[in-house]
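Comments concern the structure below.
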Amino acid sequence: MGCGTSVATETQGKRVEPDDTVKSPSPALTMKAAVLIQRWYRRYMARLEMRRRYTWNIFQSIEYAGEQDQLQLSSFFSFMLDNFTQLNGNRPDLLSQLLDPLVDPWLDRETCYKLVPVPESYTGPRLSFPLSVSDTDALLGAFKEQQTLHARYVLQLLYETKKLLQQMPNIIHLSTSYTNEITICGDLHGRLDDLLLIFYKNGLPSAETPYVFNGDFVDRGKKSVEVVSLLFAYLLLYPDYMHLNRGNHEDHIMNLRYGFTKEVMQKYKINGREILQLFQDVFSLLPIATVIDGKILIVHGGVSDQTDLDFLGSIDRHKVKSALRFPRPSEERLDIGHSCKRMRLAAGSHPSSRSKNPRTANQRRRCGDSRQDSAASSSSSSSSSSSSSFCSPRTPSCLSPRPCPSSPSMPYTINALQVPYLDSVSSVPPPAPPQRDREWKQVVDILWSDPKSQEGCSPNTFRGGGCYFGPDVTRRLLLRYGLQLLIRSHECKQDGYELCHGGQVITIFSASNYYEEGSNRGAYIKVGRELVPRFYQYQVSRTTRKLTLTQRVRAAEGSALKALKEKLFTHRSELLSGLQQYDQNSTGCVSVSEWAQVFESVLRLDLPWRTLRPQLARLAADGSVDYQSCFEDMEPGAPLTQVTPNLADTLFRYRTDIEIIFNIIDKDHSGLISIEEFRHTWRLFSAHLGVAIDDRAMDDLARSIDFNKDGSIDFTEFLDAFRVVHKLDSKEPLHGGAES
């Protein structure tokens, strides 16, 4: 398709005349070609956008499924506390310390850090307190040069931060009358490069550049210690201009799964345990909300229809060490004898005729942990008022008005308790929840909730904790407290920010490349005296700057599909069992709709399975799905003896959880646990999951994992046994040609 013009050139002294036979195309033909090109380009960009969106959905669905797994692990910790027996000298206080940590009194002494010597060979920054600008500059420079701050200074930094935070209220009130603008940042998740880029673009914290960092400073990234150390250092330097809200990852149980605990223990092998204890204490002291000019509320997750800012301002936030750990039931919660007695006396009954049930006070309802039960329970409780919780208040079974839902976001409204009394059933008002339970629920909603477009408030079954709050919930809360805007974080957004609820709710997320290189931008907000938010986007980039849009989408898509295939492999037995129910003739094939239905019901991921089918499974000649092809390009990292049906699949599925438990058992951090410890722990874990395995099968499994036959299992052997290998994993060059 030419432009129709010719150029006269001279060749060997001769002039070449234009060819009269070449004619310009008609305007109609030119327009038709332009329309065809435009139509092709639009289809191409639509396909690219579709791939970008399902890639995002894969990343987000797997992330939230991991959070649900974490809640199940927390439930298992509670189970272990109730059932743990003495194991090779390890008493139950090991887990008690994990779930209800008590800071070593030594750490509360002002001189504790002075007992940690700093060798002359240490070349990193040497901090002096109170901190000065030169100290924070030295810390900033050291972290840029990949240096690690010595344990003594980390302990002293945490100790001083703890003293400062103890003086702060639960809700910080700021005013723009003392400064031109306030900068608000979202999740950082251990991405030091993002924090440094924010400081480079926006300026270091100071009286002229105040900041609010809205939680989730740690976990997932590899530089969480550096990120949180810098934030605490600037908090100490400028307590009036540096403000930190608590996030749901400022939680020692979350830190076990998502990397912060492991990072601390790797960087500080000698004093790591003490450092972790102080971090746990400091995290629980972080404020839970910030208010600007009485008009803008900043919290990490969101709100619910039960959120009470006045009540939140009065609680002892330090009591909530972990939002994943429901307060132990108190006698006030479980003992309804006084209510029954008052009711019977009013009815003329003799108090001594009270029916005795010795099991009532001690019997505990346990929420199930299967995803199937979770789905069923979420529908039954979705219409109720929901100040959501992670694990239900353990009401005695004889008083429970309905089966205990297994979804951790389960609160439902009970108007009366049906109490057995002699040969009849009497109704009594339910006891008011204890103060500690109310405090815990309020904090959970602030840290874990997400906005939704539908009206109302319902349990957040996707994450497994907190609630979904609709535009009406937002309007009522803002109106009640005279607010104009709610700023929250907690969710990764492709552009770094998102507006919803008619602009009354803003999500800000500051960790760029969160899921994969090039997957999302980071952003921060600046608010001035006019209280109009302005957004600033950025993206830390080392390679993506050189890539085209198509190449970036392809790279992120490949990473997402790889993670999804690993999840398929870990649920292989369940998927095959469901698919074979439709495959009555054992042909190895099912229809596309049946294939999608099984994947949706088993994995419970909010994904477009029909769209993803070409990426996951082949079609047979008749158009049905060859479902075995979903697993053919994956295999375990090492051969594993199948000592009992589906056991290996179960171990693959809970690989991360078991690794966390191994780390807890391995008190001396040797990387080794005995086969006896393995057997004992797995016996509890299998009982919690409802997997029946006898001791002989457990011993056979332990010996099969002990590859070097030294009588113990090390983490290297364990991880090697339970990693998924992609046999067809061929990395495409990122700088290749454009996709056709």
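What you see below is based on every heavy atom in this structure, not just the backbone, and it leaves out hydrogens, waters and symmetry mates. For clarity, every value in this text was computed on a predicted model and none was experimentally measured.
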* Asked: Does the side chain of Asp450 pick up a donor-acceptor pair with the side chain of Tyr468 at under 3.5 Å?
  -> no
* Using side chain to side chain contact (heavy atoms under 4.5 Å, CB included) as the criterion, list what pairs up with Lys144, not counting sequence neighbours. => Leu140, Leu196
* Asked: Listed by chain and number, what are the side chain to side chain donor-acceptor pair (under 3.5 Å) partners of Asp194, not counting sequence neighbours?
  -> Ser512
* Does CZ in Arg475 sit with more than 12 non-hydrogen atoms of other residues, nucleotides or ligands closer than 6.0 Å? -> yes
* Asked: Arg521: what forms a side chain to side chain donor-acceptor pair (under 3.5 Å) with it, not counting sequence neighbours?
  -> Gln537
* To do: Taking side chain to side chain contact (heavy atoms under 4.5 Å, CB included) as the test, write out the residues that go with Pro533, two or more places apart.
  => Leu485, Ile506, Ile525, Val527, Phe535
* To do: Please collect all salt bridge (Lys or Arg N to Asp or Glu O under 4.0 Å) contacts where either partner lies in residues 614-624, sequence neighbours excluded, each pair once.
  => Arg618-Asp626, Arg618-Glu632
* Asked: Using the benzene-type ring in the case of Trp, are the ring centres of Phe217 and Phe260 under 6.0 Å apart?
  -> no
* Structure fact -> Note: Ile508 and Ser489 closest approach over all heavy atoms is O-OG, 3.1 Å
* Single hit among Leu297, Asp472, Asp305 for side-chain contact (heavy atoms from CB on, under 4.5 Å) with Leu477 -> Leu297
* **Pairing residues for Glu530 by the side chain to side chain contact (heavy atoms under 4.5 Å, CB included) criterion, not counting sequence neighbours** => Val532, Arg534
* Structure fact -> Sorted by chain and residue number, the ring pair (Phe, Tyr, Trp, His ring centres under 6.0 Å) partners of Phe509 (sequence neighbours excluded) come out as Tyr514
* To do: Using side chain to side chain donor-acceptor pair (under 3.5 Å) as the criterion, list what pairs up with Tyr524, not counting sequence neighbours.
  => none
* Qualifying salt bridge (Lys or Arg N to Asp or Glu O under 4.0 Å) pairs with a residue from residues 577-603, counting only residues at least two apart or across chains -> none
* For Tyr538, all residues meeting side chain to side chain donor-acceptor pair (under 3.5 Å), sequence neighbours excluded -> none
* Donor-acceptor under 3.5 Å (Ser624 side chain, Ala620 main chain) -> no
* **Residues forming a ring pair (Phe, Tyr, Trp, His ring centres under 6.0 Å) with His300, sequence neighbours excluded** => His490
* CE/Met31: more than 12 non-hydrogen atoms of other groups inside 6.0 Å -> no
* Asked: Between Phe199 and Phe213, what is the ring plane arrangement, given parallel below 30°, perpendicular above 60°, and tilted in between?
  -> perpendicular
* Inspect the contact between Lys562 and Glu516 and indicate whether a charged nitrogen and a carboxylate oxygen are less than 4.0 angstrom apart. => no
* Establish, yes or no, whether a centroid distance under 6.0 Å links the rings of His189 and Tyr258. => no
* To do: Look only at the side chain of Asp216 and the backbone of Asn248, and say whether a donor-acceptor pair between them is shorter than 3.5 Å.
  => yes
* **Sequence-distant partners of Phe599, ring pair (Phe, Tyr, Trp, His ring centres under 6.0 Å), two or more places apart** => Trp595, Trp609
* Asked: Do the numbers put Arg572 on top of the ring of Phe569, so that NZ or CZ is under 6.0 Å from the six-membered ring centre and no more than 45° off the axis?
  -> yes
